[in-house]
S.K.: 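Handing you a structure now.
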Number of protein chains: 2
Amino acid sequence: MAPVGRPRSDASHAAILKATYELLREEGLARLTLDKVASRAGASRSTLYRWWPSRGAIAMEATLDMLNQELSLEPKGDNALAEFRRLLKSVARAMRGSTGPIMAGILAECQRDPETLRLFKENLVAPRRAEVVPLLERGIQDGSIRPSVAPHTILDLTFGAIYHQLLLHVPTDDAWMDGVIDILVNGIAAKPTA
Amino acid sequence: MAPVGRPRSDASHAAILKATYELLREEGLARLTLDKVASRAGASRSTLYRWWPSRGAIAMEATLDMLNQELSLEPKGDNALAEFRRLLKSVARAMRGSTGPIMAGILAECQRDPETLRLFKENLVAPRRAEVVPLLERGIQDGSIRPSVAPHTILDLTFGAIYHQLLLHVPTDDAWMDGVIDILVNGIAAKPTA
DNA sequence: ACGAAACGATCCAACTTGTATCGAAACTTG
DNA sequence: CAAGTTTCGATACAAGTTGGATCGTTTCGT
């Protein structure tokens, strides 16, 4: 059964997302208003309100595609720990570009709008974790990662470190990421204390 | 040289900070308006604008005292690593209470107002690090922490993990913090990989 | 007494949000 | 082709927030 009535304009939909994406890069989510998005997209604000419940929701949808293109997990047959290293570096690299400030803005928006936080966790955090946790579990099985650690806690630490630099606007480089990975892999204790 | 004119009212100053602090607890920084602060403090908005450049600055000043009271680094003569463990747990415990959401709100505000970020780093991050980095360096000297790690990177990781849970509104408990510390201290590698 | 600075009260323009209304356009069904 | 349905862009509106300004009053030092 085809829906009755005028169909949703794909052109408007695409134009709105494109305008949002551009404005996010230029001014950040903090200064993003639905008015500017509508103007640039050649749409009207009522169209935006019809399809998205909040500013955060628009920004989220506009950002997701970009992120999903930028971050890709390609297994290469190394041991799991080596693969995890590569993943972390690629994430840190992505955050170093214009994507970083956008992510920081979204995290900020999540603090003022619970719905945006929900979208963020559902559409970004959860899917990513669903990919990476099995990788870490494989590392525990192939012997490259010791068994007593919880994969989710590993992710809390690593993404936490990256978010930390992001939110405090501390630029990162490969040397920093190597330092983080070194600590994560080897720990800070002079001798194993377990 | 005593300043000429009517001196700044300590009563107003204190009342404004108190009102800010209360409103932060009740509604969070996202919903904090200078109007509400002024009303509750029995002051006028012009007084607020006279002394503080932004909403973030007021929230920062109101939060700093509270945080500085809540978090105290008391050396107890253990080895440095043990002392660091205690510090982390006390921070995590503080973030578990009503201070946590306030901190998350401030981090969010930092993303939209560079001046607030500057205040945050100058008055909170930097002083804390100035306390803890020597502790970690002592750990390297007393042999409880291996020499090749950078103290600052350790802090990026640990505070990153705590911020991560804070921003994603994931409640933490002692078991989680123990898991983080375990990974941090011992690493995730099954065998030391140098 | 006088000037200087801070105070509370009030007003104002500009901007953003959320909602609503309107006629025109696009598409399905009969 | 005609009627019904839904979206579209344009516009208007109330409510809330921001940042700044003015005004008369209050509290100091000189």
Side-chain angles (χ1 to χ4, degrees), chain A residues 1-20 23-24 26-62 105-106 108-116 119, chain B residues 1-20 23-24 26-61 105 108-116 119:
Chain A
M1 272 257 254
V4 176
R6 178 176 178 171
R8 177 174 186 178
S9 163
D10 284 339
S12 267
H13 185 248
I16 288 170
L17 289 184
K18 181 164 177 289
T20 304
L23 286 168
L24 281 178
E26 293 169 16
E27 305 182 341
L29 182 94
R31 269 175 265 286
L32 184 76
T33 69
L34 298 184
D35 216 2
K36 290 189 217 166
V37 173
S39 295
R40 180 172 301 207
S44 75
R45 285 196 313 121
S46 39
T47 303
L48 273 68
Y49 278 110
R50 187 189 314 275
W51 297 108
W52 289 277
S54 67
R55 173 181 56 172
I58 298 182
M60 193 73 64
E61 186 169 338
I106 290 184
E109 184 73 12
C110 288
Q111 305 311 306
R112 62 168 42 208
D113 179 13
E115 182 61 14
T116 302
L119 289 173
Chain B
M1 274 255 257
V4 176
R6 177 176 178 173
R8 177 174 184 178
S9 162
D10 285 339
S12 268
H13 185 248
I16 288 171
L17 289 184
K18 181 163 177 289
T20 304
L23 286 168
L24 281 178
E26 292 170 15
E27 305 182 341
L29 191 135
R31 268 176 264 286
L32 184 76
T33 68
L34 297 185
D35 216 2
K36 290 188 216 163
V37 173
S39 296
R40 181 172 300 207
S44 75
R45 287 195 311 120
S46 37
T47 303
L48 274 69
Y49 278 111
R50 190 191 316 274
W51 297 108
W52 291 277
S54 67
R55 175 180 53 173
I58 298 182
M60 192 74 64
E61 186 168 338
E109 185 73 12
C110 288
Q111 304 312 307
R112 62 168 40 208
D113 179 13
E115 182 61 16
T116 302
L119 289 174

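This is a predicted model, so every value here is computed, not measured. Each chain gets a letter, A, B and so on, in the order its sequence line appears, and its residues count up from 1.
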S.K.: Could you give the distance from CG (Asp35(B)) to OG (Ser44(B)), rounded to the nearest 0.5 Å?
M.R.: 10.5 Å
S.K.: Regarding Lys36(B) and Glu26(B), does a basic nitrogen lie under 4.0 Å from an acidic carboxylate oxygen?
M.R.: no
S.K.: Which atom pair, heavy atoms only, marks the closest approach of Ala57(A) to Thr116(A)?
M.R.: N-OG1, 4.4 Å
S.K.: Just by protein heavy atoms under 4.0 Å, how would nucleotides 20-30 of chain C read 5' to 3' in B, S and -?
M.R.: B----BBBSS-
S.K.: Between Ala43(A) and Pro53(B), name the one whose nearest nucleotide on DNA chain D is closer to the 5' end.
M.R.: Ala43(A)
S.K.: Whole angstrom is fine here: how far is it from CG in Asp10(B) over to C1' in dA6(C)?
M.R.: 12 Å
S.K.: So how far is it from Leu48(B) CG to Ile58(B) CD1, rounded to the nearest 0.5 Å?
M.R.: 4.0 Å
S.K.: Figure out the CZ/P separation between Arg50(B) and dA21(D), and round it to whole Å.
M.R.: 12 Å
S.K.: Check each residue of residues 30-38 of chain B for a non-hydrogen atom within less than 4.0 Å of any atom in DNA chain C, then write out the ones that pass by number, or none.
M.R.: none
S.K.: With heavy-atom distances below 4.5 Å as the criterion, would you say the side chains of Leu34(B) and Trp52(B) are in contact?
M.R.: no
S.K.: Has Thr47(B) got a side-chain N or O lying under 4.0 Å from the OP1 or OP2 atom of dG8(C)?
M.R.: yes
S.K.: Nearest whole Å is fine: how far is dG18(C) C1' from Asp113(A) CG?
M.R.: 14 Å
S.K.: Less than 4.5 Å apart, any side-chain heavy atom of Glu61(B) and any of His13(B)?
M.R.: yes
S.K.: Over how many whole Å does the gap from Arg55(A) atom CZ to dC15(C) atom P extend?
M.R.: 17 Å
S.K.: So does Leu32(A) get a backbone contact from the side chain of Arg55(A), meaning a donor-acceptor N/O pair under 3.5 Å?
M.R.: yes
S.K.: Whole angstroms only, please: what is the CD-C1' distance between Glu109(B) and dT17(D)?
M.R.: 13 Å
S.K.: Can you check whether Trp51(B) has a side-chain N or O nearer than 4.0 Å to OP1 or OP2 of dC7(C)?
M.R.: yes
S.K.: Would you indicate, yes or no, if dG20(D) has its OP1 or OP2 atom less than 4.0 angstrom from a side-chain nitrogen or oxygen of Tyr49(B)?
M.R.: no
S.K.: Let me know the distance between CG of Leu48(A) and C1' of dT16(C), rounded to the nearest Å.
M.R.: 14 Å
S.K.: Please name all residues satisfying salt bridge (charged side-chain N to carboxylate O under 4.0 Å, His left out) with Arg50(A), sequence neighbours left out, ordered by chain then number.
M.R.: none
S.K.: Could you check how far CD1 of Ile58(A) sits from C1' of dT17(C), rounded to whole Å?
M.R.: 12 Å
S.K.: From Met60(B) CE over to Thr20(B) OG1, what is the distance, rounded to the nearest 0.5 angstrom?
M.R.: 12.5 Å
S.K.: So, is Arg8(B) close to the dA5(C) phosphate, meaning a side-chain N or O under 4.0 Å from OP1 or OP2?
M.R.: no
